[in-house]
Amino acid sequence: MKRLILLASLLAAAGCTTPTQYIREGVQTPNAAGIVDQDVRAAVSELTGSLLQSGLLNRTDGGAYVVAIGRVVNDTMQHFDTDILVDQIKEELTATGKVLVTAAYTGASDKPARVDSTLEATRSARNDPEFNQSTVVAPGQLVAASLSLSGRISQRETPTDGGKKQIDYYFQMRVVDQATGLERWSKQTYIGKLTSRRNQTW
Amino acid sequence: MKRLLPLLLLPCLLLGCASPFGHTDGVPDDARLRVAPNVAGSLRIVDARMAKGNSDVYRLQLTFENLRSDATRFFYRVSWMDESGMEIPSTLSSWRADALGPYERRPISAVAPSPAAVDFLVQVQAEK
């Protein structure tokens, strides 16, 4: 009898399990209080679209601006790799041909992976007899950035009526002229969610 | 003059009725604006404009109108095509979720991902 109950419990549990599904854009809306991929895409779309539409990246000589990636601060209550946002913006901007991103340095000390480690390795081959010196890069070729891209993601939670809470996410980016230090463009995009107070985002 | 008056008024009437996109049950006539039947009775695109402004990339402004007395949630996506009609892959062409309040009419903008984008395709469908 005990075995029968156990078997029935197992079958019931299996029947109640929600099967894992692939998320298909435009078909499913994720019901999540935290930041999900759709939120990042929406933010990237708004921010990149605004920057492109501003005309700031249009050089009269048709060339591309060299951009250094600065710090993107995660000021939310959840673990979120800001490089997910940065990489998508970088990809979009680079694809326009208006921007070249330097991998020689970064403004974010906490993101050493943004600097290409092979640059230093390549230069260490100078005067190494094992290397054909005519193939080794000459000094003074790294290109400094004329613009930088940095930003911040912040979160605010406010209790609302009916045992719910409103979660406000702000994605803010800015472009700074490296010669003058002046902020040439900035944009903040907002994503709001309403959820149960019991739902935690961290 | 009495005979001429209707002839003179006819073009004015036609022009007055003309909008950038005609509609049949909320479905715009422009083939580039695809509103799925599952949402066509709830909302429609009443206007679409494309301009470059300060930049060399197009900005598309779509004016949506909710035909219902309650909120309508929907997905939309703006794809961008190059001169040869090939789609330009971009995060800017991701599906976006949005909602309109009762009888709300609101413009929604989309920016082309590059100067190579010269045409667009809008898809709208109901949230499931």
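Convention: sequence-line order gives letters A, B, ...; per-chain numbering from 1. None of the values given here were measured: they were computed from a predicted structure.
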Item checked: Engaged part of B:A112 at the chain A interface, taking heavy atoms whose separation is under 4.5 Å -> backbone
Checklist line | Which atoms of B:P115 approach chain A - backbone, side chain, both or neither, heavy atom under 4.5 Å | finding: side chain
Notebook entry, point to check: Going by an N to O cut-off under 4.0 Å, is there a salt bridge joining A:E46 and B:R96?
Noted result: yes
Margin query: To the closest 0.5 Å, what do you measure between CD1 (A:I153) and OH (A:Y169)?
Written below: 10.5 Å
Notebook entry, point to check: Is there a side chain to side chain contact (heavy atoms under 4.5 Å, CB included) between B:L60 and B:R49 once you walk through the steps?
Noted result: CA-CA 6 Å; B:L60 177 68; B:R49 292 166 197 274; over 6 Å; no
Margin query: Quick check on side chain to side chain contact (heavy atoms under 4.5 Å, CB included): which of B:D119, B:I88, B:V118 does B:D82 satisfy it with?
Written below: B:I88
Item checked: Over all atoms of both residues, closest heavy-atom pair of A:V136 and A:T122 -> CG1-O, 4.2 Å
Checklist line | Minimal non-hydrogen separation, B:W80 against B:V111, with atom names | finding: NE1-O, 3.6 Å
Notebook entry, point to check: Applying a criterion of heavy atom separation less than 4.5 Å, what residues of residues 49-76 of chain A form contacts with chain B?
Noted result: A:G49, A:L52, A:Q53, A:S54, A:G55, A:N58
Next item on the list: For the pair B:D98 and B:Y76, evaluate side chain to side chain donor-acceptor pair (under 3.5 Å) and give the outcome as yes or no after the intermediate values.
Entry: CA-CA 8 Å; B:D98 210 325; B:Y76 72 96; 4.6 Å; no
Next item on the list: Indicate the ring-plane relationship of B:F75 and B:W95, choosing parallel, tilted or perpendicular according to the 30° and 60° boundaries.
Entry: perpendicular
Check: More than 12 non-hydrogen atoms from neighbouring residues, nucleotides or ligands closer than 6.0 Å to NZ on A:K164, yes or no?
Finding: no
Check: What is the minimum heavy-atom distance between B:Q123 and B:S79, and which atoms define it?
Finding: NE2-OG, 4.1 Å
Note to self: Show the nearest heavy-atom pair for residues A:A33 and A:N199, with the distance to one decimal.
What the structure shows: CB-CB, 4.4 Å
Checklist line | Interchain contact, B:Y58 with chain A, by part (heavy-atom threshold 4.5 Å) | finding: backbone
Next item on the list: Write out, in numerical order, the residues from residues 86-104 of chain A with a heavy atom short of 4.5 Å from a heavy atom in chain B.
Entry: A:Q88, A:E92, A:T96, A:K98
